[in-house]
Amino acid sequence: MLDLKFVRDNVDRVARMLQDRRVDMDMGPFLKLDEQRRALLKDVEQLKYERNRASEEIARRKREGLDAEDLIDGMKAVSQRIRDLEAELGAIEDRFRDILMLIPNMPHESVPVGADETANPVVKTWGHPPSFDFEPKAHWDLGEALGILDFERAARMTGARFTLYWGAGAALERALINFMLDVHTMRHGYTEVLPPFMVNRTAMTGTGQLPKFEKDLFKLEGWDYFLVPTAEVPVTNIHMDETLEEDDLPKYYTAYTPCFRSEAGSYGKDTRGLIRQHQFNKVELVKLVKPEQSYDELETLLLNAETILQELGLHYRVVVLCTGDLGFSAAKTYDIEVWLPGQNTYREISSCSNFEDFQARRANIRFRRKGKKKTELVHTLNGSGLAVGRTLVAVLENYQQADGTILIPQALRPYMHGMERITARR
RNA sequence: GGAGAGAUGGCCGAGUCGGCUGAAGGCGCUCGCCUGCUAAGCGAGUGUACUCCGAAAAGGGGUACCGAGGGUUCGAAUCCCUCUCUCUCCGCCA
């Protein structure tokens with residue numbers, strides 16, 4: 001959520017931002033409601049002021065044993081008027097708030113203006129695509145042939161976009177999770193947390209998934225709980241409604257969670273393999289920092305995520321999302337795209353964003369500078385460190401051998417009990 | 001699932017038969033005084049949001065907030081209803 005006063009004072013900038021983001025939204029109703037709201041608020045508060053003064057007078061007279069019936073009678077009408085105006089005001093404030101909650105974040109000045117992902121500039125490339133003296137296969141063929149990925153049975157017990165992992169496949173997924181968590185906790189200074197995998201509406205609103213994107217979420221029937229679409233939600237909301245001390249910052253958290261996404265609107269996209277699942281594993285990095293540090297922190301967050309790919313020897317590139325491709329809550333986002341030789345393409349494997357104070361304002365996460373009375377909003381950041389399923393895809397496709405086996409990257413072998421190669425399951 | 005207790009400011013905690021309680025008292029914190037240093041002591045201050053006045057800052061006015069929402073009333077932290085959460089006991093359970 002943007003600051004109300006900022007929006008009011010910068011309507012033109014906000015309107016231009018909406019254009020840059022290719023969001024079709026008119027600020028007219030917002031301004032009109034704001035005006036109505038403030039006029040009404042003034043009236044209501046004036047009436048309440050009168051009522052409060054009268055109440056004091058009534059109390060005083062009663063204490064002194066005097067009659068106050070005339071005042072009480074007069075206040076009946078005032079109170080009724082207050083009730084009427086408050087009902088009107090309440091309706092306007094609801095609509096006003098609804099609009100405010102649907103305005104996306106202001107992109108950082110360094111974010112390029114562009115229509116869609118084709119306008120995302122590549123800012124960094126690491127390593128090289130591996131060369132094969134055979135035609136590299138896609139992971140779904142490799143995984144099925146090795147008997148480690150089973151799409152058919154998962155579809156039977158659940159449905160499309162779910163996968164059953166077997167044997168070394170399941171172990172590899174688990175190894176990746178542990179490897180990533182170890183790197184981030186032991187080398188990058190993050191504190192590991194294991195949050196709930198379901199959260200309530202308030203938490204979802206705090207990080208910006210609600211109210212706008214409810215259709216992308218899995219909701220529990222009979223409960224106002226949602227399955228987390230990313231650990232960003234429970235982890236960023238750890239400090240919801242808290243005022244931290246300056247010395248508490250920065251906070252670095254890492255968490256493994258499964259992620260659940262309805263993938264509404266992506267019918268027919270990436271239907272094969274592990275790329276787009278309703279349930280996938282992810283190790284997430286979350287930072288709460290002081291405002292003046294957040295862009296430096298974004299750079300190190302990106303490097304922390306990149307480290308995983310480098311350790312695994314996987315070729316990747318980094319792009320900056322342009323305004324048209326930038327997520328609702330983000331001010332700036334880097335996507336890391338890993339090379340997938342089986343599909344001859346780069347695929348997003350991490351998304352690292354600075355949300356500035358957009359989430360902090362919604363989730364009410366503040367801090368107090370030493371010796372200062374006034375509290376300020378923290379800046380929040382997060383990034384995948386990494387999407388585990390897609391990392392497994394990258395390992396399978398990049399480390400495949402001519403005979404269909406998979407060489408296990410050195411960094412993962414300790415996590416695989418020394419296993420060096422995945423061969424067909426008997 | 002059954003029975004009961006509770007939810008007040010940064011923390012602890014008081015709020016009588018509804019009325020000068022934004023909220024006693026204590027702790028903490030900030031500033032000042034005092035003091036070889038420290039401790040103790042003394043004095044003052046110490047929530048948030050919205051809104052109005054002010055060019056702005058300073059400052060000032062107002063409204064709201066005692067778990068959340070609704071109701072009764074001229075007036076609610078105090079009374080009523082619904083919900084949420086916490087704790088205790090019983091049951092069940094990984």
Side-chain angles (χ1 to χ4, degrees), chain A residues 1-10 30-101 103 194-206 210 219-220 222-226 234 237-249 357-378:
Chain A
M1 183 167 78
L2 293 175
D3 178 53
L4 169 57
K5 290 193 185 77
F6 172 84
V7 178
R8 197 146 63 206
D9 297 343
N10 299 277
F30 177 85
L31 291 173
K32 194 154 169 254
L33 282 171
D34 186 36
E35 221 170 285
Q36 290 177 355
R37 180 183 143 265
R38 282 196 282 173
L40 215 46
L41 197 61
K42 211 174 154 181
D43 292 349
V44 171
E45 292 190 349
Q46 175 61 30
L47 288 172
K48 284 187 175 175
Y49 174 70
E50 286 169 25
R51 186 176 71 184
N52 285 346
R53 296 296 82 81
S55 283
E56 284 170 20
E57 176 62 12
I58 292 168
R60 193 186 62 78
R61 286 201 204 168
K62 293 228 162 173
R63 257 197 320 278
E64 294 173 7
L66 300 171
D67 180 69
E69 283 312 309
D70 55 327
L71 268 178
I72 291 176
D73 282 347
M75 282 305 109
K76 283 182 184 169
V78 173
S79 279
Q80 187 52 52
R81 178 92 183 115
I82 290 174
R83 267 193 287 277
D84 293 346
L85 289 181
E86 279 200 318
E88 205 180 322
L89 181 63
I92 287 175
E93 287 197 317
D94 284 350
R95 275 194 288 158
F96 178 73
R97 186 149 193 92
D98 286 350
I99 295 179
L100 191 60
M101 293 298 270
I103 300 175
L194 183 63
F197 299 164
M198 300 175 199
V199 299
N200 60 32
R201 190 169 288 277
T202 307
M204 282 292 186
T205 305
L210 290 180
K219 170 92 165 49
L220 268 74
W223 297 75
D224 205 22
Y225 293 166
F226 300 84
N237 280 293
I238 287 174
H239 295 292
M240 171 200 306
D241 286 327
E242 288 183 23
T243 300
L244 304 166
E245 296 302 325
E246 183 174 12
D247 288 346
D248 295 339
L249 298 176
D357 62 11
F358 190 85
Q359 294 181 326
R361 185 171 295 107
R362 288 171 163 241
N364 191 28
I365 309 170
R366 302 172 169 276
F367 78 103
R368 194 187 317 271
R369 292 187 196 272
K370 267 197 286 254
K372 287 268 170 39
K373 253 173 60 177
K374 198 80 186 151
T375 60
E376 296 174 47
L377 295 164
V378 303

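Just so we're on the same page: letters track the sequence lines, and every chain starts at 1.
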| request: Among residues two or more places apart or on two chains, list those pairs meeting side-chain hydrogen bond (donor to acceptor under 3.5 Å, both in side chains) that have a residue in residues 65-76 of chain A. | output: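 Matches after skipping sequence neighbours: A/Arg61-A/Asp70.
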Is any NZ, NE, NH1 or NH2 atom of the basic residue among [X] and [Y] found under 4.0 Å from an Asp or Glu carboxylate oxygen of the other?
X	Y	value
A/Arg37	A/Asp34	yes
A/Arg8	A/Asp3	no
A/Glu56	A/Arg53	yes

| query | Base, sugar-phosphate alone, or nothing: which one does A/Arg361 contact when heavy atoms must sit under 4.0 Å apart? | reply |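 No contact.
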| query | Which is true for A/Arg37 with a 4.0 Å heavy-atom rule: it touches a base, it touches only sugar-phosphate, or it touches nothing? | reply | sugar-phosphate
Round to a whole Å and report the spacing from [atom1] of [X] to [atom2] of [N].
X	N	atom1	atom2	answer
A/Leu41	B/U63	CG	P	12 Å
A/Leu4	B/U48	CG	P	18 Å
A/Lys5	B/A56	NZ	C1'	15 Å
A/Met1	B/A49	CE	P	12 Å
A/Gln36	B/U51	CD	C1'	17 Å
A/Leu377	B/U48	CG	P	13 Å
A/Leu85	B/U51	CG	P	18 Å
A/Arg53	B/G61	CZ	C1'	11 Å

Can you name the residues that form a salt bridge (charged side-chain N to carboxylate O under 4.0 Å, His left out) with [X], not counting sequence neighbours?
X	answer
A/Glu64	A/Arg60
A/Lys32	none
A/Glu88	none
A/Arg97	none

| message | Can you list everything that forms a ring-ring contact (aromatic ring centres under 6.0 Å, His included) with A/Phe226? Sequence neighbours excluded, please. | response | none
| Listed once per pair and sorted, the ring pair (Phe, Tyr, Trp, His ring centres under 6.0 Å) pairs that draw on residues 44-97 of chain A, sequence neighbours left out | A/Phe30-A/Phe96
Quote, to the nearest angstrom, the [atom1] distance that separates [N] from [M].
N	M	atom1	answer
B/G62	B/G45	C1'	23 Å
B/A5	B/G9	C1'	23 Å
B/U30	B/G36	C1'	26 Å
B/G67	B/A77	P	10 Å
B/U46	B/G10	C1'	10 Å
B/U48	B/C66	C1'	14 Å
B/U63	B/U72	C1'	22 Å
B/U8	B/G25	C1'	14 Å

Collect all protein-nucleotide pairs involving nucleotides 52-54 of chain B in which both atoms are nitrogen or oxygen and the distance is under 3.5 Å.
from  : atom 1 : to      : atom 2 : distance (Å)
B/C52 : OP1    : A/Arg38 : NH1    : 3.3

| said: Holding to side chain to side chain contact (heavy atoms under 4.5 Å, CB included), I want the full list of residues that pass it with A/Asn10, two or more places apart in sequence or in another chain. | reply: A/Phe6, A/Arg13
| query | Is there a side-chain contact between A/Lys62 and A/Ile72 (heavy atoms, below 4.5 Å)? | reply |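 Yes, at least one pair of side-chain atoms sits under 4.5 Å.
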| task | Would you write the dot-bracket representation of RNA chain B, where each base gets (, ), [, ], | or . depending on whether it forms a Watson-Crick or G-U pair under 3.5 Å and with which partner? | result | ((((((((.[[[..)...(.....]]]((((((.......))))))(((((((.....))))))).[[[[[..)....]]]]])))))))....
| For RNA chain B, what residues of residues 90-101 of chain A have any heavy atom nearer than 4.0 Å? |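 Within this stretch, nothing sits under 4.0 Å of the strand.
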| said: Let's see if you can work this out: which of B/G62, B/A49, B/C85 has an atom nearest to the side-chain heavy atoms of A/Tyr225? | reply: B/C85
| Point-to-point distance, once rounded to the nearest 0.5 Å, from CD1 of A/Ile58 to CG of A/Leu66 |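 Nearest 0.5 Å value for the CD1-CG distance: 12.5 Å.
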| remark: side chain to side chain contact (heavy atoms under 4.5 Å, CB included) test vs A/Val7 passes for just one of A/Leu31, A/Leu100, A/Ile99, namely A/Leu100
| note | Under a 4.0 Å heavy-atom criterion, the protein footprint on nucleotides 64-82 of chain B, written with B, S and -, is S---------BS-------
| said: If we count only N and O atoms by modelled type, under 3.5 Å, do the side chains of A/Arg83 and A/Gln80 hold a donor and an acceptor together? | reply: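 Side chains of A/Arg83 and A/Gln80: pair found under 3.5 Å.
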